[in-house]
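Heavy atoms only: backbone and side chains are in, while hydrogens, waters and symmetry mates are out. Throughout, numbering of the chain's residues begins at 1 and tracks the sequence.
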Amino acid sequence: MPAAAMVAALLAAAAAPPAATAPRAPAAAPSDLAALRGGLESLVARVSPAVVQVLVSGYTPAQGPAAAGLLARVRGSGSGVILDPEGYVVTNAHVVEGARRVQVALATAGGEGGRSILKAPARVLGARVIGVDQETDLAVLKVEAAGLPSLALGDSEALRQGELVMAFGSPLGLEGSVTLGVVSAVARQLRPEDRMIYVQTDAAVNPGNSGGPLVDMEGRVVGINTLIASQSGGHEGVSFAAPSNIVRTVVDQIRRTGRVRRGEIGVRAQTVTPALAAGLGLKQERGVVLADVRPDGPADAAGLRAGDLVLMLDGKAMENARQLEVNLYQRAAGQPVMLEVLRGAEKLTLRVEVTERPGDPARFATLVTPENNVVPALGILGLDLSEELLRLLPPLRARAGVVVAAAAPDAPAVREPLEPGDVIYALNQEPVTSLARLRERLAGLPAGAPAVLHVERDGELRYLTFEVE
């Protein structure tokens, strides 16, 4: 009997009240408990070989609100899971962020022939980062190996509250750990306007579990353990995993193109309330209404209008604006969606092309290394403003300069520090056309000399001043 079925049977037996005239039902038979134990052990044995420990050294963002965009040297570890026998591993972006070196320690079995509970030394392989998505905190690694044990991604939308799940990983560096819990919530939103959702569970998750798989009782990956809510810094029964359906979209895109092109259709959706329905004369007091359709956007091109009531997205009923946004969030740019809308008394089915929405400039931090991109005098990691970066950035005032990918903790004191996404055009009125030119100009300034940078930030030009150290 599968582990899930055995657990369900035992829970059902425990929940059922005894008949009024019947004697008290005996506890579960030892054979049933042994079967349950065997089922869980079998599940762990099946899943564990595909779970890895991720070892990193390098730089990571410093912690604290005053340290946004800063880098600090670090050595650490996290967890990951092999999703493809050819060596593709998924983990959290924060596990490998800023890493100069990434290694993957493969799971090992017990002693020879299974006669010892002690494990043999792990097989450690070098890994390269294929791509990172900061918004979902996911990263894809590649190790040069084939025929590795792997796990399949499940359907996170099929999860139900109360369902048993297991968390695998290396909490506090203790590789090969496993914990059992239940799904506390299936679509937890951590911030009101956040499109990203999480599977919330009470399975014990601690620092070091990040990037490890959350699996269902069939051994399918239904989430990637990402973060915890804690007042102590350790497990308090509230942990969150990126849902497997979002993981699948991110991993597929990174494997194809090295980055995620997240889509949008150019609408502002709101949840229908009774007052909204009455004031707008809508046919129903629930669902999703389009408050805005951006001119010349994909929704506008498809024929959608403000005031349309969205009934379904790709055949799935839409009950509120958050549900519509979350489902669109999982769609890749270039992928069409079918929207069924109600306009007055008329039902329409419209095909809308998902287009790429503007990216986060902080993602450029994944394109740099301290060895090749550091500008010590400014305490930044920079990139030449290339044609490729121009395609990824909003429209800029110029086509040559240096893009700030990240700032270091020892950046010089300035009234307005450089931020990721800033573009440096000039230093003391001399054009800055490349990273090499910026370094050259800074090297020519004596200690104590005043320096003025001409920078574009969020579409506006500004001067930033500092003193050369």
Side-chain angles (χ1 to χ4, degrees), residues 135-136 153-161 185-199 242-250 252-253 256 260-359 394-395:
E135 193 162 322
T136 56
L153 289 170
D155 181 6
S156 53
E157 292 191 10
L159 282 174
R160 295 295 178 262
Q161 198 171 30
V186 295
R188 180 67 69 201
Q189 195 176 28
L190 300 184
R191 293 178 293 273
E193 297 300 322
D194 198 346
R195 299 180 184 180
M196 181 63 183
I197 58 173
Y198 297 91
V199 178
S244 57
N245 288 2
I246 290 179
V247 174
R248 181 181 291 105
T249 299
V250 170
D252 287 348
Q253 289 196 62
R256 286 198 312 269
V260 176
R261 299 174 60 230
R262 192 156 283 111
E264 65 173 11
I265 61 171
V267 299
R268 168 68 176 175
Q270 289 184 224
T271 300
V272 175
T273 63
L276 200 60
L280 296 178
L282 301 177
K283 298 294 183 181
Q284 59 186 52
E285 295 183 348
R286 56 183 174 79
V288 182
V289 65
L290 299 183
D292 186 28
V293 176
R294 190 178 67 237
D296 301 322
D300 181 41
L304 287 165
R305 301 177 188 169
D308 284 349
L309 195 64
V310 179
L311 305 177
M312 307 187 83
L313 171 68
D314 287 340
K316 181 187 296 185
M318 293 291 106
E319 300 174 0
N320 53 63
R322 173 183 164 190
Q323 183 187 14
L324 177 65
E325 290 172 355
V326 166
N327 277 270
L328 286 172
Y329 184 78
Q330 301 178 35
R331 302 305 200 276
Q335 179 181 354
V337 294
M338 301 301 295
L339 284 181
E340 182 179 312
V341 301
L342 185 64
R343 182 178 298 162
E346 183 183 10
K347 277 189 179 181
L348 303 171
T349 301
L350 302 174
R351 183 181 185 273
V352 186
E353 189 80 15
V354 177
T355 58
E356 185 172 8
R357 66 181 172 87

Colleague: Restricting to salt bridge (Lys or Arg N to Asp or Glu O under 4.0 Å), what partner residues turn up for Arg188, sequence neighbours left out?
Modeller: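 Counting only residues at least two positions away or on another chain, Arg188 forms no salt bridge (Lys or Arg N to Asp or Glu O under 4.0 Å).
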Colleague: Which atom names give the shortest non-hydrogen contact between Ala187 and Ile197, and what distance separates them?
Modeller: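 Nearest heavy atoms, Ala187 then Ile197: CB-CD1, 3.9 Å.
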Colleague: Drop me the distance from Leu153's CG to Asp155's CG, to the nearest 0.5 angstrom.
Modeller: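 That separation rounds to 10.5 Å.
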Colleague: Is any side-chain heavy atom of Leu348 closer than 4.5 Å to one of Leu339?
Modeller: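 Answer no - side chains too far apart.
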Colleague: Can you pull the salt bridge (charged side-chain N to carboxylate O under 4.0 Å, His left out) pairs that have at least one residue in residues 330-339, sequence neighbours excluded?
Modeller: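 Sorted pair list: Asp314-Arg331.
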Colleague: Restricting to pairs with a member in residues 273-300, which pass side chain to side chain donor-acceptor pair (under 3.5 Å), not counting sequence neighbours?
Modeller: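 Sorted pair list: Glu264-Arg294.
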Colleague: Do you know which two heavy atoms are closest between Glu353 and Gly334, and how far apart they sit?
Modeller: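 Closest approach of Glu353 to Gly334, heavy atoms only: OE2-O, 2.8 Å.
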Colleague: Taking the side chain as everything from C-beta on, heavy atoms only, tell me whether Val337 gets closer than 4.5 Å to Val354.
Modeller: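 Yes - at least one pair of side-chain heavy atoms lies under 4.5 Å apart.
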Colleague: Is any side-chain heavy atom of Thr136 closer than 4.5 Å to one of Met196?
Modeller: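 In short, these two side chains touch, coming nearer than 4.5 Å.
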Colleague: Indicate the atoms forming the closest heavy-atom contact of Ala242 with Tyr198, along with that distance.
Modeller: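 Scanning both residues, the minimum pair turns out to be N-CD2, 3.9 Å.
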Colleague: Checking Asp252 now: which residues fulfil salt bridge (Lys or Arg N to Asp or Glu O under 4.0 Å) with it, not counting sequence neighbours?
Modeller: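 Salt bridge (Lys or Arg N to Asp or Glu O under 4.0 Å) check on Asp252 returns nothing, list empty.
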Colleague: Among residues at least two apart in sequence or on other chains, which ones pass salt bridge (Lys or Arg N to Asp or Glu O under 4.0 Å) with Glu319?
Modeller: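 Not a single residue meets the salt bridge (Lys or Arg N to Asp or Glu O under 4.0 Å) criterion with Glu319.
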Colleague: Rounded to the nearest 0.5 Å, what separation is found between the NZ atom of Lys316 and the CG atom of Leu311?
Modeller: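 With rounding to 0.5 Å, NZ (Lys316) is 15.5 Å from CG (Leu311).
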Colleague: Contact between Val272 and Val288 at the side-chain level, heavy atoms closer than 4.5 Å - yes or no?
Modeller: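 Heavy-atom side-chain distance check fails, nothing below 4.5 Å.
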Colleague: Hey, does the side chain of Ser156 reach the backbone of Asn245 with a donor-acceptor pair shorter than 3.5 angstrom?
Modeller: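 Side chain of Ser156 to backbone of Asn245: a pair is present.
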Colleague: Take Val289 and Val310, measure what side-chain contact (heavy atoms from CB on, under 4.5 Å) needs, and give me the verdict at the end.
Modeller: CA-CA 6 Å; Val289 65; Val310 179; over 6 Å; no
Colleague: Are the side chains of Asn320 and Gln270 in touch, meaning some heavy atoms are under 4.5 Å apart?
Modeller: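 No; the side chains remain at least 4.5 Å from each other.
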Colleague: Does any pair with a residue in residues 334-352 pass side chain to side chain donor-acceptor pair (under 3.5 Å), and if so which ones, sequence neighbours excluded?
Modeller: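 Found Asp308-Arg343.
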Colleague: Say whether, by atom type as modelled, one donor and one acceptor occur between the side chain of Arg305 and the main chain of Val293 under 3.5 angstrom.
Modeller: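 Not confirmed, Arg305 side chain does not pair with Val293 backbone.
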Colleague: For the residue pair Met312 and Met338, establish whether any side-chain heavy-atom pair is separated by less than 4.5 Å.
Modeller: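 Side-chain contact under 4.5 Å: no.
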Colleague: Side chains of Val341 and Leu304, heavy atoms from C-beta outward: is any pair under 4.5 Å?
Modeller: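 Yes, close enough: below the 4.5 Å cut-off.
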Colleague: Look at the side chain of Ser244 and the backbone N and O of Gly154, then say whether any donor-acceptor pair between them is shorter than 3.5 Å.
Modeller: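 It does hold such a pair.
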Colleague: Provide the closest heavy-atom pair for Ala302 versus Val352 in the form atom of the first, atom of the second, distance.
Modeller: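 The pair with the smallest heavy-atom distance is CB-CG2, 3.8 Å.
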